[in-house]
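From a predicted model like this one, the values you see are computed outputs, not experimental measurements. Both backbone and side-chain heavy atoms feed into the values below; hydrogens, waters and symmetry mates do not.
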Number of protein chains: 2
Amino acid sequence: MRIAVDAMGGDNAPDVTVSGALAAAREWNDTTVILVGDAERLETLIGKHGARPSNLEIRHAAETIAADDEPVKAVRRKKDASMVVAGRMVAEREADAMISAGNTGALMTTGLLVVGRIRGIDRPALAAMIPTVDGVGVLGLDLGANMDASPEQLRQYAIMGSIYRNKVHGVSEPRVGLLNVGTEAMKGNELTKAAFPLLEQAPVHFVGNVESRDVLNAPCHVLVCDGFAGNVMLKSIEGTAAVVFSVLKREFMRSVATKLAALVLKPGLVRFRKNMDYSEHGAAPLLGVNGLLLKSHGSSDANAIKNAVRQARIAVQNDVVQSISTEISNGSEL
Amino acid sequence: MRIAVDAMGGDNAPDVTVSGALAAAREWNDTTVILVGDAERLETLIGKHGARPSNLEIRHAAETIAADDEPVKAVRRKKDASMVVAGRMVAEREADAMISAGNTGALMTTGLLVVGRIRGIDRPALAAMIPTVDGVGVLGLDLGANMDASPEQLRQYAIMGSIYRNKVHGVSEPRVGLLNVGTEAMKGNELTKAAFPLLEQAPVHFVGNVESRDVLNAPCHVLVCDGFAGNVMLKSIEGTAAVVFSVLKREFMRSVATKLAALVLKPGLVRFRKNMDYSEHGAAPLLGVNGLLLKSHGSSDANAIKNAVRQARIAVQNDVVQSISTEISNGSEL
């Protein structure tokens with residue numbers, strides 16, 4: 001198996017991408033990890049880590065897409081950017097998957113323009129794990145690849161999310177929920193009202209509407225929504241958790257007594273905080289493109305990159321892309 | 001001034017509506033509070049509280065709208081329901097405002113069908129205060145009156161929210177934000193992209209896009225959004241806060257040491273929890289109807305009802321409804 005890593009993408013690239021790729025190559029002998037980026041710089045960095053494993057390769061790419069580059073322009077113009085080269089390797093089946101911690105919009109554009117959609121898929125979706133109290137997590141999609149969605153797109157998201165949860169996380173019959181403003185069937189806006197009957201008939205285990213206040217209690221394994229609502233939900237959760245923790249911190253500093261109290265409570269809270277941090281919950285697959293593209297968090301460390309390789313391996317071993325393609329073409333024959 | 005209180009609406013009605021109305025009548029001599037509901041029951045309850053103030057009246061209404069009644073049907077069929085009678089009093093200028101802690105959908109229907117819209121307003125919006133860390137709060141609208149919205153509706157929400165913040169909360173030039181997935185001008189879905197230029201030209205102090213992760217840090221005084229996104233945001237904030245506090249509770253119970261630590265921290269945390277509880281932040285006005293309707297939280301206690309009367313008094317004294325009407329008709333003459 002061959003997995004390409006965009007070595008130049010992310011806040012801490014290429015240091016952490018090199019360390020992460022090295023760790024992955026050392027752990028999995030059956031997998032060739034290909035670092036895509038400035039060859040000279042990568043060689044130097046690898047040299048610092050001792051002997052290079054034989055299953056670690058370098059593919060030179062002269063350009064880099066920056067975090068603030070305009071996605072479509074950047075992908076179109078920088079043909080030799082590390083991300084675009086990695087995408088082309090997937091498109092040309094030189095790699096089975098690619099991972100990037102770089103510009104999210106550019107990765108989605110790479111998916112659409114360089115790799116291309118699975119036949120029958122209207123629009124790819126960005127799927128990410130939302131951490132839940134029980135640790136199982138909810139795979140939310142779309143979380144921002146397409147701001148607007150049609151009812152048919154939500155149906156496709158449900159199918160893709162189900163297959164991913166099943167193939168990569170081993171959930172046997174993933175429960176699929178529809179993000180909505182109430183649990184009753186007739187609740188919602190025009191989009192969710194039209195999507196509801198489509199989801200009832202889709203080849204998934206649809207459990208109905210789910211309210212955003214319940215998401216952290218893991219009411220389903222897959223949560224479908226348009227990218228706008230999903231993004232609003234995700235950032236509301238993130239922002240609220242951040243605010244509560246900052247207030248906690250303030251309360252902890254109030255007096256000697258509270259400072260002592262904080263010391264006692266800290267280990268448990270740090271554990272919880274880490275558990276709630278969605279950047280800790282693996283890379284986000286771009287589902288619906290004709291190849292496996294994983295978005296790792298921009299602030300990824302080496303361990304996150306290694307984990308993304310682990311995730312990519314499982315997805316490739318279980319034929320996620322082919323399974324989606326088959327299920328979608330089955331549906332279109334109905 | 002005359003303020004009607006739907007005495008039968010809310011989880012704890014009529015006990016708390018009676019206590020709240022009594023407290024309000026005793027505090028404000030210039031205001032007549034009219035309890036609308038089952039006269040006999042209300043008389044008995046009032047009797048328990050000593051002498052009835054002369055500015056507390058009862059208006060009999062034989063029926064009640066239940067929390068699970070289908071809103072439109074209930075308002076159409078139960079002509080003599082306490083909520084509908086109170087609405088009719090506003091429509092016929094027998095009361096300057098009405099307050100209900102009952103069925104939210106039914107109150108919105110009462111606003112639309114019994115009281116009617118302000119001329120030029122496409123759809124009324126439910127506006128509620130979202131608590132913020134600094135205690136100032138953000139007035140969010142629409143938070144659920146209309147699931148779908150047009151760009152023009154968002155423009156009207158901005159005008160109505162600005163006027164309310166100015167007239168009722170005394171904010172001199174309320175900063176208006178647009179709920180969006182990024183702060184750049186071109187971000188968003190079709191709705192927000194189309195609304196952005198309209199907001200730039202609206203007679204409000206528009207400060208641009210606001211991300212849901214920043215809302216609790218009070219980036220603006222008024223936040224406009226469609227009812228679906230607003231509801232998703234509000235419930236995400238609420239759900240996340242609830243989960244974090246429940247985990248805190250669990251951490252506190254872990255050992256004797258953590259229990260002692262919890263005792264020290266409790267006062268500060270209870271204060272913060274209360275501050276974050278949006279049911280503590282006053283009643284939500286239904287803006288855009290041709291009269292003042294305030295929705296008090298379903299679980300309101302007597303103090304919340306009294307506070308809703310206070311809020312109604314300020315809104316009436318400052319001509320909120322007339323101001324909205326004037327501003328909207330000015331705009332339509334352009």
Side-chain angles (χ1 to χ4, degrees), chain A residues 132-133 144 146-149 179-182 187-193 211-217 225-248 250-252 254-255 257-258 260-265 267-269 271-273 275-276, chain B residues 132-133 144 146-149 179-182 187-193 211-217 225-248 250-252 254-255 257-258 260-265 267-269 271-273 275-276:
Chain A
T132 56
V133 177
N146 313 290
M147 287 303 126
D148 293 285
L179 180 65
N180 213 328
V181 297
K187 284 272 176 178
N189 56 10
E190 284 175 28
L191 171 63
T192 61
K193 281 192 224 171
E211 285 192 273
S212 59
R213 72 152 65 91
D214 298 324
V215 169
L216 299 186
N217 294 316
C225 50
D226 66 76
F228 189 88
N231 195 287
V232 164
M233 174 187 66
L234 196 67
K235 286 179 181 162
S236 300
I237 293 173
E238 190 194 1
T240 306
V243 160
V244 174
F245 280 106
S246 79
V247 169
L248 264 182
R250 197 185 65 202
E251 291 298 329
F252 284 165
R254 219 174 254 282
S255 69
T258 58
L260 286 172
L263 276 180
V264 175
L265 291 166
L269 294 182
R271 206 179 320 126
F272 173 62
R273 177 85 214 248
N275 184 39
M276 284 292 290
Chain B
T132 57
V133 177
N146 313 292
M147 287 304 125
D148 293 285
L179 179 65
N180 213 329
V181 298
K187 284 273 176 176
N189 57 11
E190 285 175 27
L191 171 63
T192 61
K193 280 192 228 171
E211 286 193 274
S212 58
R213 73 153 66 90
D214 298 323
V215 169
L216 299 186
N217 294 316
C225 50
D226 67 76
F228 190 88
N231 195 287
V232 164
M233 174 189 65
L234 196 66
K235 286 179 181 162
S236 300
I237 294 173
E238 189 193 3
T240 306
V243 160
V244 174
F245 281 106
S246 78
V247 169
L248 266 182
R250 197 185 66 203
E251 290 299 328
F252 285 165
R254 220 174 252 283
S255 70
T258 59
L260 286 173
L263 277 181
V264 174
L265 292 165
L269 294 182
R271 205 180 320 125
F272 173 61
R273 176 86 214 248
N275 184 37
M276 285 292 291

K.L.:
Among the options A:Leu265, A:Asn180, A:Val244, pick out the one with the most heavy-atom pairs lying under 4.5 Å from chain B.
P.N.:
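Of the candidates given, the most pairs with chain B belong to A:Leu265.
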
K.L.:
What distance separates B:Arg213 CZ from A:Asn231 CG, expressed to the nearest 0.5 Å?
P.N.:
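Reported to 0.5 Å precision, the distance equals 8.0 Å.
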
K.L.:
Taking all non-hydrogen atoms of both residues, which atom of B:Thr240 and which atom of A:Ala241 are closest, and how far apart?
P.N.:
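Where B:Thr240 meets A:Ala241 most closely, the heavy atoms are CG2-N, 3.9 Å.
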
K.L.:
Backbone N or O of A:Glu190 within a donor-acceptor pair of the B:Asp148 side chain at under 3.5 Å?
P.N.:
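Checking the backbone N and O of A:Glu190 against the side chain of B:Asp148, a donor-acceptor pair under 3.5 Å is found.
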
K.L.:
When you compare the side chain of B:Thr192 with that of A:Phe228, does any pair of heavy atoms fall below 4.5 Å?
P.N.:
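Counting from C-beta outward, A:Phe228 and B:Thr192 do come under 4.5 Å.
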
K.L.:
What pair of heavy atoms forms the shortest contact from B:Gly188 to A:Met147, and how long is it?
P.N.:
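Heavy-atom minimum between the residues: O-CG, 3.2 Å.
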
K.L.:
Counting C-beta onward and ignoring hydrogens, is there a side-chain heavy-atom pair between A:Leu248 and B:Leu248 closer than 4.5 Å?
P.N.:
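When only atoms from C-beta onward are counted, B:Leu248 and A:Leu248 do touch, with a gap below 4.5 Å.
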
K.L.:
With a 4.5 angstrom heavy-atom cut-off, could you sort out which part of A:Val232 is near chain B: side chain, backbone, both or neither?
P.N.:
both

K.L.:
Quick check on the interface: out of A:Gly182, A:Gly239, A:Ser212, who has the most heavy-atom pairs with chain B under 4.5 Å?
P.N.:
A:Ser212

K.L.:
For the atom pair CG (A:Asn217) and OG (B:Ser246), what is the distance rounded to the nearest 0.5 Å?
P.N.:
7.0 Å

K.L.:
Passes side chain to side chain contact (heavy atoms under 4.5 Å, CB included), B:Val264 versus A:Leu260? Steps please.
P.N.:
CA-CA 9 Å; B:Val264 174; A:Leu260 286 172; over 6 Å; no

K.L.:
Work out which heavy atom in B:Val133 is nearest to a heavy atom in A:Val243; give both atom names and the distance.
P.N.:
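Looks like CG2-CG1, 3.3 Å.
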
K.L.:
Heavy-atom pairs under 4.5 Å with chain B are the metric here; pick the option from A:Glu251, A:Lys193, A:Met233 that has the most.
P.N.:
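Top count of heavy-atom pairs under 4.5 Å with chain B: A:Glu251.
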
